[in-house]
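Supplied in structure tokens, the structure appears directly below.
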2 protein chains.
Amino acid sequence: MTSVEEPARPGVRVRDGARTKAEILDVATQEFARAGFDGARVDEIAARTRTTKRMIYYYFGGKEQLFTAVLERAYGVVREAEQQLDVEHLDPVAGIRRLAELTFDHHERHPDFIRLVSIENIHDAEHIAASEKLGRIGSPALEVIRRILAAGQESGLFTADADAVDLHAMISSFCFFRVANRHTFGALFGRDLVDPARRERYRTMLGDMVIAYLTAERAGG
Amino acid sequence: MTSVEEPARPGVRVRDGARTKAEILDVATQEFARAGFDGARVDEIAARTRTTKRMIYYYFGGKEQLFTAVLERAYGVVREAEQQLDVEHLDPVAGIRRLAELTFDHHERHPDFIRLVSIENIHDAEHIAASEKLGRIGSPALEVIRRILAAGQESGLFTADADAVDLHAMISSFCFFRVANRHTFGALFGRDLVDPARRERYRTMLGDMVIAYLTAERAGG
DNA sequence: GTCTATAGATAGATAGAC
DNA sequence: GTCTATCTATCTATAGAC
């Protein structure tokens, strides 16, 4: 971590720290997501790269730091996706629904990320707490929700007094649970929550749920 | 597992398989919930009981079977709680709201159970799949939801075409996420989802959300 | 049924040559 | 920066006496 990363020289396959590190991170992501932090094997990660176990310790310092690096990159991908959000040209109802749908799609496309987050929660988010990078990563999606929500509440369209963090939790919980708990839910209730045949149904259900909540007529309104 | 369990003889502290097994299960539940399946240590479990490691292997066969037994008992507790549900004397709206609130309360009171379920999902629910007991445990709550939902839909109160399993997933996702993901969510967004000061707020939010979804006016109605 | 002692395998981490 | 070989600790599991 003390040396400056060399730029890749095309055609000349030489010392390429950045490339090697990226490959280690790719494999480590899969292995940690597959088996959990304690279940993952450094030997197995090394065996599936073009490099050796010694390099993992050379680049990352240890298993713990490697897992932190995996988390940092995984959350980085999420943040990048959130920066592509383009829903603020829509009216508040359509904007929130679209945002919920994009969250739904993103969770479905990244089951490994979901597993990493579950694993990190089992470890009380101590790697996130120890990471400076993750501490200041913020959430573009949260800012988008905040603005749409304010607009919807100001216009009287939205009657719920939820704030952006609440709404983010509500949307995430449905999307996250569907992927994270699909195994136990499927085994106990005989329904595969990520069955492609039911995908549109759950995607619509999420949007309906969030919009119904935000726009419901309320006694105390 | 081949011997018949002896009833406890009060005052006479002798061979008491049932009691010893229960104590092992208590400690194992805590240890597995704390550290995950691979992170948990059989030595540590043994050290915290009045018995020895040898007894764990004697009674349960191995770490894997011990974890399965822990899951079986944990789900058994949930099922028992569900059998105490008494909400069908209420009208459908009040009944569903009450059921959601009881689910909310139960998840909050059993964080170890939530962690065990997360851990089991990381292992693709293979212990549940291998357990005969868990395969036929069913879900009293699901039956209650089914009946209330049918009544609400028949009377026209509920406009959503969700079935009982869908609704169970919706309610569970919110309750589960709030507890299971509180560490990463708190670290990233600076909000403690299980802060007692916000408890009533989220409890009400869940009920509002589910009822709003079920009773919303729909274009295609 | 309960104990001590230990087998047997494997994990994370590192030494040291090149 | 990269390799092989290995250290040290520790884990699950069991043997065998009582």
Side-chain angles (χ1 to χ4, degrees), chain A residues 1-9 12-25 27-32 34-70 119 123 126-127 130, chain B residues 1-9 12-25 27-28 31-32 34-70 119 123 126-127 130:
Chain A
M1 292 303 230
T2 54
S3 68
V4 177
E5 290 174 5
E6 304 162 24
R9 272 192 287 162
V12 188
R13 172 84 182 80
V14 281
R15 324 278 162 105
D16 187 349
R19 189 195 176 109
T20 302
K21 284 174 73 171
E23 190 189 359
I24 293 172
L25 282 176
V27 175
T29 297
Q30 295 172 23
E31 175 70 1
F32 280 124
R34 182 187 67 79
F37 178 77
D38 292 291
R41 297 293 167 242
V42 178
D43 276 313
E44 175 67 19
I45 294 170
R48 287 171 53 199
T49 63
R50 272 178 288 106
T51 183
T52 63
K53 182 163 62 162
R54 187 67 188 81
M55 285 294 93
I56 293 176
Y57 286 88
Y58 179 79
Y59 280 126
F60 296 97
K63 188 181 184 181
E64 205 97 27
Q65 296 95 311
L66 176 59
F67 184 68
T68 301
V70 163
I119 291 161
H123 292 85
E126 57 190 14
H127 305 93
Chain B
M1 293 299 236
T2 53
S3 66
V4 177
E5 291 174 5
E6 304 160 25
R9 272 193 289 161
V12 187
R13 170 87 182 79
V14 282
R15 322 278 163 107
D16 188 348
R19 189 196 176 109
T20 302
K21 284 173 73 170
E23 191 189 359
I24 293 172
L25 282 177
V27 176
E31 175 71 359
F32 280 125
R34 183 188 67 79
F37 178 77
D38 292 291
R41 298 291 165 246
V42 178
D43 276 314
E44 175 68 19
I45 294 170
R48 288 171 52 200
T49 63
R50 271 178 289 104
T51 183
T52 62
K53 181 163 63 163
R54 187 67 189 83
M55 284 295 93
I56 294 176
Y57 286 88
Y58 178 79
Y59 279 126
F60 296 95
K63 187 181 184 181
E64 204 97 27
Q65 297 94 310
L66 176 59
F67 183 68
T68 300
V70 164
I119 291 160
H123 292 85
E126 58 190 15
H127 305 93

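Every chain is numbered from 1 and lettered A, B, ... according to where its sequence line falls, protein lines coming before strand lines.
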Is B:Arg41 salt-bridged to B:Glu31, going by a charged N under 4.0 Å from an acidic O? no
Whole angstrom is fine here: how far is it from CD1 in B:Ile56 over to P in D:dT12? 10 Å
Would you name the heavy atoms of A:Ile119 and A:Gly36 that are closest together and state the gap between them? CD1-CA, 3.5 Å
When rounded to whole Å, the CE to C1' distance for the pair B:Met55 and D:dT12 reads 16 Å
Do you know the tightest heavy-atom contact between A:Ala35 and A:Ala40? CB-N, 3.7 Å
Reckon B:Thr52 has a side-chain N or O less than 4.0 Å from the OP1 or OP2 of C:dT2? no
Atom pair distance, as rounded to whole Å: CD in B:Glu23 and P in C:dG1: 15 Å
Could you run down nucleotides 11-18 of chain C 5' to 3' and tag each one B, S or - for protein heavy-atom contact under 4.0 Å? SBBBBB--
Quick one: which residue pairs count as a salt bridge (charged side-chain N to carboxylate O under 4.0 Å, His left out) with a foot in residues 55-64 of chain B, not counting sequence neighbours? none
Under the side-chain contact (heavy atoms from CB on, under 4.5 Å) criterion, do A:Ile45 and A:Leu66 qualify, and how do the steps go? CA-CA 11 Å; A:Ile45 294 170; A:Leu66 176 59; 4.0 Å; yes
Is the A:Phe37 ring parallel, tilted or perpendicular to the A:Phe32 ring (thresholds 30°, 60°)? parallel
Rounded distance in Å - CZ (B:Arg19) to P (C:dT2): 12 Å
